[in-house]
Amino acid sequence: MADPKGFLTHDRELPPRRPVDVRIRDWREVYDDFPAERLTRQAARCMDCGIPFCHNGCPLGNLIPEWNDLVYRDDWREAIERLHATNNFPEFTGRLCPAPCEAACVLGINADPVAIKRVEVEIIDRAFAEGWVTPQPPLARTGKRVAVVGSGPAGLAAAQQLTRAGHDVVVFERADAIGGLLRYGIPEFKMEKRHIDRRMEQMAAEGTEFRTGVNVGVDVTAAELRAEFDAIVLAGGATAWRDLPAPGRDAEGVHQAMEYLPPANKGFGDSTVSARGKHVVVIGGGDTGADCIGTAIRQGAASVTQLEIMPMPPADRPGSQPWPTYPMLFKMESAHEELAELGGDRVYAVSTTEFVKDAEGRLAALRLVDVEGPATGFKPVPGTEREIPAQLVTLAMGFLGPEQGGLLSELAELSAGEFFDPRGNVARNKTYQTGVDGVFAAGDMGRGQSLIVWAIAEGRSAAAAVDEYLTGQTALPVAIPPTARPLV
Ligand SMILES: Cc1cc2nc3c(=O)[nH]c(=O)nc-3n(C[C@H](O)[C@H](O)[C@H](O)COP(=O)(O)OP(=O)(O)OC[C@H]3O[C@@H](n4cnc5c(N)ncnc54)[C@H](O)[C@@H]3O)c2cc1C
Ligand code: SF4
């Protein structure tokens with residue numbers, strides 16, 4: 001423990017966000033730089049607990065007290081070694097993770113938790129800046145070939161681990177660029193895409209091959225893939241979205257979030273579906289909804305309103321969600337801050353009853369009603385019906401699981417047991433293997449809609465299982481079993 005009094009003498013501090021009126025004019029990340037000496041003070045707050053609950057809070061089992069101590073001692077090079085020991089892509093999690101580690105930090109019981117995520121991102125950014133992140137090609141090749149389907153965080157983590165173990169790995173991606181939701185779901189202002197490109201360069205130099213524009217199941221069949229490769233890792237995500245089948249759903253101007261965000265991310269706002277000059281309503285109060293808000297604001301929306309059917313969450317941890325669980329609290333993400341400053345609304349406990357069209361079939365308004373719930377099944381409150389203007393609606397209500405059909409249907413036919421679990425995700429045994437010999441599944445495709453940190457943890461763990469399947473042994477680490485779940 002570097003500074004035994006650190007947690008008593010320093011308060012939690014994060015870098016400031018750039019002013020709203022400045023940052024909404026560009027697509028760059030929202031945070032200002034954080035001077036090293038201030039970060040060191042944050043690392044010094046770590047108490048190096050005998051039982052570091054943060055390890056358990058982090059699905060990757062990141063060695064948090066170790067790298068906090070190393071940062072405090074100014075040994076950044078060793079800090080990135082320890083961080084990379086458990087996390088292939090700290091530049092993604094350090095920017096995007098909701099930090100369940102901080103919810104489990106022991107200091108958080110009666111004070112503000114250690115700013116773990118900020119320390120994490122500063123370590124990796126410094127490592128890249130210093131040139132310490134270099135390719136780690138394998139010392140020997142096994143001659144075994146592995147296909148990874150999907151290039152999100154799960155597929156990339158699996159691919160990097162397996163390439164480093166000496167296998168010939170090809171990543172297939174149906175989109176025109178690598179990254180999965182990191183590339184075309186999550187906007188530039190949350191994570192600039194150059195971070196993905198930089199990591200791809202390292203992976204390519206290590207020997208991972210990337211093939212974009214290949215929809216497996218359409219452009220190449222599962223049978224062809226099985227013939228060409230010794231093992232397959234399915235990491236195609238959970239991209240089947242939840243819809244809102246209210247009257248008028250077919251109105252022009254109603255889009256799924258994942259129809260709206262990808263074109264905006266491709267051209268950084270120069271989108272085929274632009275919010276410019278429109279009254280925008282975002283249905284869904286989660287991360288995806290926040291991404292739609294920040295995007296619409298940057299595109300120049302006339303107004304933005306966010307609707308959520310659940311009641312407003314509490315600001316502080318309620319007794320029903322005690323430490324060290326991850327509590328569902330009222331969040332003020334950067335996009336929410338922008339919304340508040342620009343006079344937009346976040347409306348809770350409300351349900352959409354109709355998409356109102358104009359004579360040409362274009363969306364003109366939304367009809368809403370307040371609801372009581374969830375215990376009463378979201379019962380409408382009489383007398384609260386109203387309309388709000390809307391020319392663009394984005395539906396950000398979550399995802400139901402992986403897209404069935406195509407590749408998965410073909411594999412399901414070959415499966416020895418049930419290929420899907422009762423929730424429609426790809427079923428795996430305890431070593432991530434599906435019912436088809438040599439076919440493994442990792443990330444949202446097996447777990448259902450989740451988080452980047454879980455996807456990386458699954459990709460790393462599935463890689464260990466594949467390595468053992470191919471060679472009879474493995475030295476690759478296993479972060480979690482497929483059955484691991486968040487502490488709730
Ligand atoms: C808008 C949005 C914002 C989010 N924000 C956050 C956040 O801030 N923090 C966080 O932790 N999580 C966030 N998430 C969740 C997180 O992005 C996912 O949990 C994570 O990306 C899942 O990783 P994955 O590798 O399993 O799948 P994905 O990232 O979904 O990648 C799957 C890839 O597989 C490809 N694919 C699918 N089928 C095929 C096929 N047949 N052939 C070839 N390629 C195929 C897809 O095109 C896709 O690129 C967000 C999700 C969304 C939608
Ligand atoms: S990956 Fe997420 S949970 Fe793990 S240490 Fe980083 S911020 Fe915390």
Side-chain angles (χ1 to χ4, degrees), residues 54-64 67 83 86-87 89-90 92-105 113-121 124 147-158 171-187 190-191 211-220 222 225 234-239 241 256-258 260-262 265 284 286-292 295 326 333 394 396 398-399 402-403 405-408 441-459 479 486:
C54 53
H55 280 198
N56 280 54
C58 173
L60 287 161
N62 275 350
L63 306 166
I64 296 159
W67 35 262
L83 180 48
T86 54
N87 187 355
F89 312 123
F92 305 158
T93 47
R95 286 182 169 76
L96 299 168
C97 188
C101 57
E102 293 184 11
C105 172
V114 175
I116 299 170
K117 176 172 147 178
R118 177 48 48 179
V119 178
E120 180 175 22
V121 79
I124 182 61
V148 175
V149 181
S151 69
L156 293 180
V171 177
F172 292 89
E173 171 55 58
R174 67 183 172 191
D176 59 1
I178 294 295
L181 289 172
L182 299 171
R183 173 75 63 180
Y184 287 141
I186 291 165
K190 266 171 63 179
M191 187 183 76
R211 292 189 201 163
T212 52
V214 184
N215 190 349
V216 179
V218 176
D219 302 319
V220 48
L225 217 57
L234 303 174
T239 44
W241 50 57
Q256 280 287 345
M258 280 306 292
Y260 171 64
L261 291 170
N265 275 337
D287 274 344
T288 308
D291 293 348
C292 293
T295 300
Y326 184 77
E333 302 289 2
T394 66
F399 297 86
E403 289 165 44
L407 169 68
L408 297 188
D444 282 9
M445 192 162 243
R447 166 171 295 271
Q449 178 191 6
S450 183
L451 295 171
I452 293 157
V453 62
W454 285 96
I456 299 174
E458 287 221 354

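Order of appearance sets the numbers: ligands from 1, and atoms from 1 within every ligand. Residue numbers start at 1 and run along the sequence shown.
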Among all protein heavy atoms, pick the one closest to [atom] and tell me residue, atom and distance.
atom: atom 47 (O) of ligand 1; result: Glu173 OE2, 2.7 Å
atom: atom 44 (N) of ligand 1; result: Arg174 N, 3.1 Å
atom: atom 10 (C) of ligand 1; result: Ile452 CD1, 3.5 Å
atom: atom 37 (C) of ligand 1; result: Gly236 O, 3.2 Å
atom: atom 2 (C) of ligand 1; result: Thr288 OG1, 3.5 Å
atom: atom 34 (O) of ligand 1; result: Gly150 CA, 3.1 Å
atom: atom 7 (S) of ligand 2; result: Glu120 OE1, 3.4 Å
atom: atom 5 (S) of ligand 2; result: Asn62 ND2, 3.3 Å
atom: atom 25 (O) of ligand 1; result: Ala154 N, 2.9 Å
atom: atom 18 (C) of ligand 1; result: Asp444 OD2, 3.4 Å

Fill in: Option nearest atom 6 (C) of ligand 1 (shortest heavy-atom distance, choices Val148, Val171, Leu181, Ile186)
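Heavy atom nearest to atom 6 (C) of ligand 1 belongs to Ile186.
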
Discussion item. Nearest non-hydrogen contact with atom 41 (N) of ligand 1 belongs to which option: Leu225, Val216, Val214, Leu156?
Written reply: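 Considering heavy atoms of Leu225, Val216, Val214, Leu156, the nearest to atom 41 (N) of ligand 1 sits in Val216.
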
Practice prompt. Can you see which heavy atom on Gly61 is nearest to which on Thr86, and at what distance?
Written response: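 Answer, listing the atom of Gly61 first, then Thr86: O-CG2, 3.7 Å.
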
Between ligand 1 and [X], can you find any atom pair, the residue atom being a heavy atom, that is separated by under 4.0 Å?
X: Ser450; answer: yes
X: Pro153; answer: yes
X: Lys190; answer: yes
X: Trp454; answer: no

Worksheet item: Is there at least one pair of N or O atoms, one from Leu96 and one from ligand 1, spaced under 3.5 Å apart?
Response: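 Leu96 vs ligand 1: N/O contact under 3.5 Å present.
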
Item to complete: Check each heavy atom of Phe399 against ligand 1 and say whether those closer than 4.0 Å belong to the side chain, the backbone, both or neither.
Response: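 Under 4.0 Å from ligand 1, Phe399 contributes side-chain atoms alone.
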
Worksheet item: What part of Cys58 sits under 4.0 Å from ligand 2 if we count only heavy atoms: the side chain, the backbone, both or neither?
Response: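 Both backbone and side chain.
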
Worksheet item: Distance-only, no hydrogens or angles: does the Asn265 side chain make a donor-acceptor pair with backbone N or O of Gly185 under 3.5 Å?
Response: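 Checking the backbone N and O of Gly185 against the side chain of Asn265, a donor-acceptor pair under 3.5 Å is found.
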
Worksheet entry | Subset of ligand 1 atoms that lie under 4.0 Å from at least one heavy atom of Leu261 |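 Taking each heavy atom of Leu261 in turn, ligand 1 has 1 (C) under 4.0 Å.
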
Discussion item. I'd like to know if atom 4 (Fe) of ligand 2 has an N/O/S atom from Cys101 within less than 2.8 Å of it, counting both backbone and side-chain atoms.
Written reply: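 Looking at Cys101, which is the residue asked about, there is no N, O or S atom under 2.8 Å from atom 4 (Fe) of ligand 2.
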
